[in-house]
Each structure stands twice: as C-alpha cells, then as structure tokens.
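In listed order, ligands and their atoms are each counted from 1.
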Amino acid sequence: MEPRDRRTCQRCGARYDWKRSTTTSLKMTYCSTLCEKGALGFTLDTVLQGMRILRREWQPLLAA
Ligand SMILES: [Zn+2]
C-alpha cells in the first residue's frame with residue numbers, strides 16, 4: 001500500500017513526500033513552488049502575501 005504522505009505532483013508527475021514540498025499552500029498538489037508557479041503562472045503564496053500587504057496598506061485609509 002502507498003504511504004499516505006506520498007503524492008504525485010500534478011505538474012511534473014514526480015512522486016514526492018508532501019511534507020517536504022516547498023510550496024506552503026498547495027503541498028498536496030505540487031512538489032515544489034516551481035511546479036506550482038509553472039502550473040498556475042504564480043504561486044498562491046505570493047498572492048496571499050500580496051493580499052496581506054495590501055490590507056496593511058489599506059489600514060490607515062480604513063481607520064481615517
Ligand atoms: Zn512537480
């Protein structure tokens with residue numbers, strides 16, 4: 001039987017241990033940020049980070 005932490009990367013088809021995946025958002029789907037970025041054109045990490053930064057920038061506006 002397959003160990004549960006073994007995943008097949010949706011982009012390159014590599015078998016990988018999802019706990020070692022370098023992507024933080026899509027560990028179960030892609031083996032690395034390179035594959036995540038290659039498949040999506042961006043990484044969810046950058047998008048989420050961008051949203052966090054935006055929110056921080058908006059805070060003074062919202063508080064005013
Ligand atoms: Zn991959």
Side-chain angles (χ1 to χ4, degrees):
M1 230 179 86
E2 287 279 312
R4 296 191 71 166
D5 51 3
R6 283 285 164 194
R7 305 287 303 176
T8 303
C9 177
Q10 294 297 299
R11 177 163 166 86
C12 69
R15 314 286 291 156
Y16 67 101
D17 179 346
W18 68 267
K19 287 183 197 127
R20 289 160 176 260
S21 172
T22 49
T23 108
T24 52
S25 311
L26 295 168
K27 283 178 182 295
M28 307 296 275
T29 312
Y30 303 112
C31 67
S32 68
T33 45
L34 278 182
C35 281
E36 183 185 353
K37 198 172 179 188
L40 303 176
F42 58 88
T43 71
L44 269 188
D45 291 342
T46 30
V47 173
L48 292 175
Q49 203 167 36
M51 284 171 66
R52 264 199 296 275
I53 290 166
L54 261 185
R55 249 206 303 270
R56 200 161 55 217
E57 283 174 351
W58 285 345
Q59 247 162 29
L61 294 175
L62 296 173

So does [Y] get a backbone contact from the side chain of [X], meaning a donor-acceptor N/O pair under 3.5 Å?
X     : Y     : result
Tyr16 : Lys27 : yes
Thr22 : Thr33 : yes
Ser21 : Leu26 : no

Original post:
Taking only protein atoms, how many N, O or S atoms are found under 2.8 Å from the Zn ion (ligand 1)?
Top reply: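 Atoms of protein N, O or S type lying less than 2.8 Å from the Zn ion (ligand 1) total 4.
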**OP:** Look up atom CZ in Arg11 and atom OG1 in Thr29, then write down how far apart they are to the nearest 0.5 Å.
**Re:**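 One finds 13.5 Å between CZ of Arg11 and OG1 of Thr29.
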Original post:
In terms of hydrophobic clustering (I, L, V, M, F, W, Y; side-chain heavy atoms under 4.5 Å; direct or indirect links), are Leu48 and Ile53 co-clustered?
Top reply: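 No; Ile53 is not reachable from Leu48 via cluster members.
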Original post:
Which heavy atom in Asp5 sits nearest to a heavy atom in Lys19, and how many Å separate them?
Top reply: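 Answer, listing the atom of Asp5 first, then Lys19: OD2-NZ, 3.4 Å.
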